[in-house]
Amino acid sequence: MAAASPSVTFPGPLPPFPDCTKPDLPIESFPYVSQQTDGGFSGCVRVDQANPGSYSVIAQGSPHKCCASSATASREALTVSPPAGPPGTLVTITGTSTTPPSAAVLQKSAAMGFDDHAQVCWVACDVLSYSDVVKWSLSSTGNFEIAFQVPSVPWMTAAGIQRPVPGGYRIVLPCIPDSYDQGKGCKSEQLTGSFQMTGPVPSLCDTGQPCSAIEVSPTQGPPGSIVAVRGWTPLVGLGGQALVYLRVHTANTSWDSMPTLASTSFEVTAQPDWASLGTLHPLSILRSGLDAFGVDPANPHRFAYCSGSAIQVTADGGQTWSPIPIQGVVSASAATKYPLGTGYQANPVSCDTVALDPQHPTSFYALFLTADRTPPPMYYVGYFTNDAGRTWYPVPVPAGSEMRAFGGFRVDLLGVRAVSTMWSDSLPPDQPMVAVEVTVDGGNTWTTGNLACPQAGPCVALGSKSWARCMAVEGWEAVLVSTDNGKSWSTTNHIRSCWRVVQVVGLANGRLVTLDGRSQFPLTVSDDGDRTSRSIALPALPNQTNTNPDYGDLELLPDGRLLLVSLHWYVLAPGASAWCSVANSPTGNQTDAPAAAVPQLIGDHLWWLDGQPTTLRSLPVSALHC
């Protein structure tokens, strides 16, 4: 049964608990949730690493203030219609701008799908605000209107809770909107209008009565648990744009200075450990990010990697290598929107990852980084050759996507799949936004297809990779699961796809293991297709002092041992309670090393690229002993 704070009368029922088995984005990275216009909110939080005990689940937030300011004194020149009404009244604000956009600018913005937005404040610019679309008049130059909803419930101010009472209230437009591409900023006068609030007003937050509530489900669980949260507090913003920060308060953080709106208790229990798992036998292994090596799934002795201005390929397990030229991509890209060999990526160009065709030995597929002009942002683009590098061609762009949304190659025994991000407002929220083009004849023809299941183990795949997000915030790569042998896919989880390598390992009975040594949950296990998972405690590292250690890069080996790659290498045997230091441990793999420096299992060897200049290195798995 969910715990709750003391009973309070709400303007309506509490929001339902959200389905936290299908988060749209990683919970730990987007803890903010939107507060509804009636004060309700709901969201999901993950329990941080913490010792067993009782902790608080808290909702925090500060009044959403206007960030714009006027260069001149305010002028009461806004018309508010209707001018009076009860709490929750929807009104229209109209006014005239002295710096309106031209007709040409309005036509251009409409064609590009852009809208002008303006901030609107309630009472004053240090109380509450929100942003809404500005509708410009096509017949009266400079005239505009903005929709606005008067608060229907109490709201927060810096001085405390304010209840709606009958009387006059100011509506403030701190800056007359300027068109998005005029670049004038907020240099115009501030406009104000007034609204007369009438009754009836809600009987909420009376003196001595509770004015917030929060509930959680479940009310206990180990670190890594995902908890559904719902509640109600006075408004901290308007128009459904208010943000509430949810977290399980297990440690002091920089967020502690933010006011607490509501809280309840949560019991953190002990989590299972590595020794309790027994021996894990990997049936399939997926790696996030960009692998340094492309491997022929039909022949582990044949693999390749990008090296300077060529692709180096071997057919005898790395004893000999042959170059595949890639400079033909320069001429192939000249007619595209993202020409290579100029600007960001000057000649000679180099690729970032390569894929091999299992059926056509002269066909190669390579991914390149590019940019519109000067990065950021940067994008992935894909090219292929079917004549061993003499001629290169752009990968076809699927309908609903574009060239810069290319997200990598997927190879199986039948052929090669090119994955792209697809944008569509009609897609259900739990469906993967990916488009797939498939070739089974070495790139001569491409057809619309789907992702493929691994040869063994649960049917799981990784979604499209996107570099552009990584230039601003860390990017994400969706984990996709199919229950109908690859005919349809659903998004069940997201992993960090930039600056690290994460393994998604398929086991028997549909179990999935996720290994991310640089997160606070380095090993998680799912028994239901990654819809829910449990975090597994790993033994402390030698000389470990940090309660949330960096386990470097983790890999599950075929014999069930766990390999840790960092400044030093360690292995963890099945059922073991301590790490074992690898004798004659390779050196040079630094914290936050590029993915190319993270060993990749190919056959019975680990291969990686190390140092500057890049050095090709390998180590037989049999050499990993203590």
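Given the structure is predicted, the values throughout are model-derived calculations rather than measurements.
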Worksheet item: Any Lys/Arg nitrogen of Arg247 or Asp48 sitting under 4.0 Å from an Asp/Glu carboxylate oxygen of the other?
Response: no
Fill in: Steps toward side chain to side chain contact (heavy atoms under 4.5 Å, CB included) verdict (Val513, Leu280)
CA-CA 9 Å; Val513 168; Leu280 306 180; 4.2 Å; yes
Discussion item. If I compare all heavy atoms of Asn444 with all of Thr439, which pair ends up nearest, and what's the gap?
Written reply: N-OG1, 4.1 Å
Practice prompt. For residues Ser535 and Gly224, report the shortest heavy-atom separation together with the two atoms involved.
Written response: CB-CA, 4.1 Å
Practice prompt. Measure the shortest side-chain to side-chain distance between Val502 and Leu515 over non-hydrogen atoms and say whether it is less than 4.5 angstrom.
Written response: no
Discussion item. Applying side-chain hydrogen bond (donor to acceptor under 3.5 Å, both in side chains) as the test, list every pair that has at least one member in residues 317-338; sequence neighbours left out.
Written reply: Asp316-Thr320
Worksheet entry | Residues in salt bridge (Lys or Arg N to Asp or Glu O under 4.0 Å) contact with Arg302, at least two apart in sequence or another chain | Asp296
With a 3.5 Å cut-off and sequence neighbours excluded, list the donor-acceptor pairs that the side chains of residues 388-400 form with protein atoms.
unit_1	atom_1	unit_2	atom_2	d
Thr391	OG1	Asp387	OD2	3.0
Trp392	NE1	Pro325	O	3.1
Trp392	NE1	Gly389	O	3.3

Practice prompt. Go through the steps for Leu283 and Leu507 under the test side chain to side chain contact (heavy atoms under 4.5 Å, CB included), then give the verdict.
Written response: CA-CA 5 Å; Leu283 298 179; Leu507 307 176; 5.7 Å; no
Item to complete: Starting from the C-alpha separation in whole Å, work towards a yes-or-no answer on side-chain hydrogen bond (donor to acceptor under 3.5 Å, both in side chains) for Ser581 and His568.
Response: CA-CA 8 Å; Ser581 176; His568 193 85; 2.6 Å; yes
Worksheet item: Which is it for Ser307 and Gln312 under the side-chain hydrogen bond (donor to acceptor under 3.5 Å, both in side chains) test, yes or no, and what are the steps along the way?
Response: CA-CA 6 Å; Ser307 178; Gln312 296 293 332; 4.9 Å; no
Discussion item. Tell me which one of Leu562, Leu572, Thr514, Leu556 satisfies side-chain contact (heavy atoms from CB on, under 4.5 Å) with Leu523.
Written reply: Leu562
Practice prompt. Indicate, with yes or no, if the rings of Tyr305 and Phe293 have centres closer together than 6.0 Å.
Written response: yes
Worksheet item: Between Asp291 and Arg287, what is the shortest heavy-atom contact and its length?
Response: OD1-NE, 2.6 Å
Worksheet item: Side chains of Thr421 and Ser464: donor-acceptor distance under 3.5 Å anywhere?
Response: yes
Fill in: Asp484 atom CG, over 12 foreign heavy atoms within 6.0 Å
yes
Worksheet item: Are Arg417 and Val411 close enough, and set up right, to give a side chain to side chain contact (heavy atoms under 4.5 Å, CB included), and what steps lead you there?
Response: CA-CA 6 Å; Arg417 288 166 167 78; Val411 182; over 6 Å; no
Practice prompt. Compare every heavy atom of Ala50 with every heavy atom of Pro223, then report the nearest pair and how far apart it is.
Written response: CG-O, 3.6 Å
Fill in: Trace of the side chain to side chain contact (heavy atoms under 4.5 Å, CB included) decision for Tyr383 with Leu340
CA-CA 11 Å; Tyr383 287 82; Leu340 301 173; 4.0 Å; yes
Discussion item. A side-chain contact here means heavy atoms from C-beta on lying under 4.5 Å apart; do Val45 and Ile226 qualify?
Written reply: no
Fill in: Shortest non-hydrogen contact between Phe364 and Thr362, atoms and distance
CD1-O, 3.7 Å
